Amino acid sequence: QFIDFHQPIEDEHFYEGVAARPGHVAAGLVQPRDEDVSSVIEPLLSGRHVLVAGPSGAGKSALCYLAAFGTRHVFRWLEVISVNDLERPIFLRALRAQMPTTERPVVIYIDDVGRGSRTVWAWLVEQARNIPGLQVVGSVREEDVNILTAIDQVTVVRPKLSRLLAQQIWERLSERE
């Protein structure tokens, strides 16, 4: 499905550890992380696949959605939840129908690659070799990076948890009390 930023999600519990969604970005709940976002966008602009790795709760998914939001006029972003072996030919046809090219690229995003999506990740990275303009972005917990295949074909980004980000989150939490 296309990643949709037109439906903001106002979630009073967001800063208590809710899994980030595109609507959280649209609602302005996700704190800006310009340096980390650039670390995701720059390889994409160079035609590389990206894997955002870090510990649970580090904001990997939020970072991916921030990158998607920041490049929504450059790339068409699709999120894949799962594609089983029987669905792959259908998915591939639907993907090719998007007609990705280097001028009109498509990015496939997979959240939490290490939890049940490892084979989909490897399959999509393989497919991207044969489809110009197709790139793959995933988020993965740090402990799952070593079990992934095709890791040598991607840029691995590790978000930095800065004092400024912690302060911004603390301020947002304090506002809600």
Side-chain angles (χ1 to χ4, degrees), residues 1-5 7-9 11 13-27 29-33 35-44 48-72 75-88 90-92 94-95 98 105-128 134-162 165-166 169:
Q1 68 185 18
F2 283 98
I3 294 179
D4 179 13
F5 294 105
Q7 302 293 326
I9 299 172
D11 187 344
H13 300 288
F14 179 75
Y15 296 104
E16 296 170 16
V18 173
R21 298 297 306 148
H24 294 126
V25 173
L29 294 174
V30 178
Q31 296 300 303
R33 300 169 75 168
E35 186 178 327
D36 286 333
V37 171
S38 292
S39 296
V40 174
I41 292 174
E42 288 172 12
L44 285 175
R48 300 261 315 153
H49 310 301
V50 178
L51 190 62
V52 178
S56 183
K60 301 175 298 292
S61 303
L63 178 57
C64 291
Y65 292 129
L66 284 170
F69 185 78
T71 60
R72 67 194 181 283
F75 300 104
R76 292 170 288 159
W77 285 78
L78 299 169
E79 184 169 9
V80 172
I81 306 302
S82 70
V83 180
N84 66 40
D85 291 344
L86 295 174
E87 297 169 328
R88 288 182 182 186
I90 297 165
F91 177 81
L92 201 51
L95 182 59
Q98 295 299 316
V106 171
V107 176
I108 302 293
Y109 171 60
I110 305 171
D111 192 36
D112 207 0
V113 171
R115 304 284 180 210
S117 300
R118 291 189 314 256
T119 59
V120 175
W121 167 261
W123 178 73
L124 284 171
V125 170
E126 180 66 30
Q127 296 307 308
L134 177 62
Q135 291 166 253
V136 186
V137 171
S139 66
V140 64
R141 293 179 187 178
E142 189 66 49
E143 62 267 23
D144 294 331
V145 171
N146 293 329
I147 62 174
L148 296 179
T149 58
I151 196 74
D152 59 324
Q153 300 170 44
V154 304
T155 298
V156 178
V157 173
R158 289 182 167 83
K160 297 167 191 69
L161 301 176
S162 67
L165 179 61
I169 292 170

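All of these numbers come straight from a predicted model, not from anything done at the bench. Just the heavy atoms: all of them, side chains too, but no hydrogens, waters or symmetry mates, feed the values below.
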side-chain contact (heavy atoms from CB on, under 4.5 Å), that's the test. Do Thr155 and Leu51 meet it? Break it down for me. CA-CA 6 Å; Thr155 298; Leu51 190 62; over 6 Å; no
Check against side-chain contact (heavy atoms from CB on, under 4.5 Å), Phe91 and Val80: CA-CA 10 Å; Phe91 177 81; Val80 172; 3.6 Å; yes
Would Arg33 and Val40 count as a side-chain contact (heavy atoms from CB on, under 4.5 Å) if you check the C-alpha gap in whole Å, the side-chain angles of each, and the deciding distance to 0.1 Å? CA-CA 11 Å; Arg33 300 169 75 168; Val40 174; over 6 Å; no
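Residues Gln153 and Val136 form no side-chain contact, since every pair of their non-hydrogen atoms from C-beta on lies 4.5 Å or further apart. Cys64 is not listed as a side-chain neighbour of Asp111, based on a closest heavy-atom distance of 4.5 Å or more. The shortest distance between side-chain heavy atoms of Arg158 and Val145 falls below 4.5 Å. Taking 4.5 Å as the limit, every side-chain heavy atom of Asp144 sits out of range of all side-chain heavy atoms of Val113. You'll find the side chain of Ile9 stays beyond 4.5 Å of the side chain of Phe14, heavy atoms only. Two residues are said to be in side-chain contact when any heavy atoms from C-beta on lie closer than 4.5 Å; Asp4 and Glu79 fail this criterion.
Nearest heavy atoms, Gln31 versus Leu66: O-CD1, 3.5 Å. Here the closest non-hydrogen pair linking Pro8 and Ala26 is CA-CB, 3.9 Å. Closest of all the heavy-atom pairs between Thr149 and Ala122 is OG1-CB, 3.1 Å.
Judged purely by atom type and a 3.5 angstrom limit, Tyr65 has no side-chain atom pairing as donor or acceptor with the backbone of Phe5. Not a single donor-acceptor pair under 3.5 Å links the side chain of His24 to the backbone N or O of Val30. Under the 3.5 Å distance criterion, the side-chain polar atoms of Asp36 are matched with a main-chain donor or acceptor of Lys160. Without hydrogens or angle criteria, Arg48 side chain to Val154 main chain gives a donor-acceptor distance under 3.5 Å.
Distance CD/Gln127 to CG/Leu95: 8.5 Å, rounded to 0.5 Å. Remark: Gln135 CD to Leu124 CG distance equals 13.0 Å, nearest 0.5 Å. Atom CG of residue Asn84 and atom CD1 of residue Ile90 lie 9.0 Å apart, to the nearest 0.5 angstrom. A distance of 13.0 Å separates CG in Leu92 from CD in Glu87, rounded to the nearest 0.5 Å. Summarising the geometry, atom CD1 belonging to Ile3 is positioned 12.5 Å from atom CZ belonging to Phe75; distances are rounded to the nearest 0.5 Å. Note that OG of Ser39 is 11.5 Å distant from CG of Leu44, once rounded to the nearest 0.5 Å.
In this structure, Arg72 forms a cation-pi arrangement with Phe69, its terminal cationic atom sitting closer than 6.0 Å to the ring centre and no more than 45° off the ring axis.
The 12-atom threshold is exceeded at CD of Glu16, counting heavy atoms of other residues, nucleotides or ligands nearer than 6.0 Å.
The residues Lys60 and Glu142 are annotated as not salt-bridged, no charged nitrogen and carboxylate oxygen being separated by less than 4.0 angstrom.
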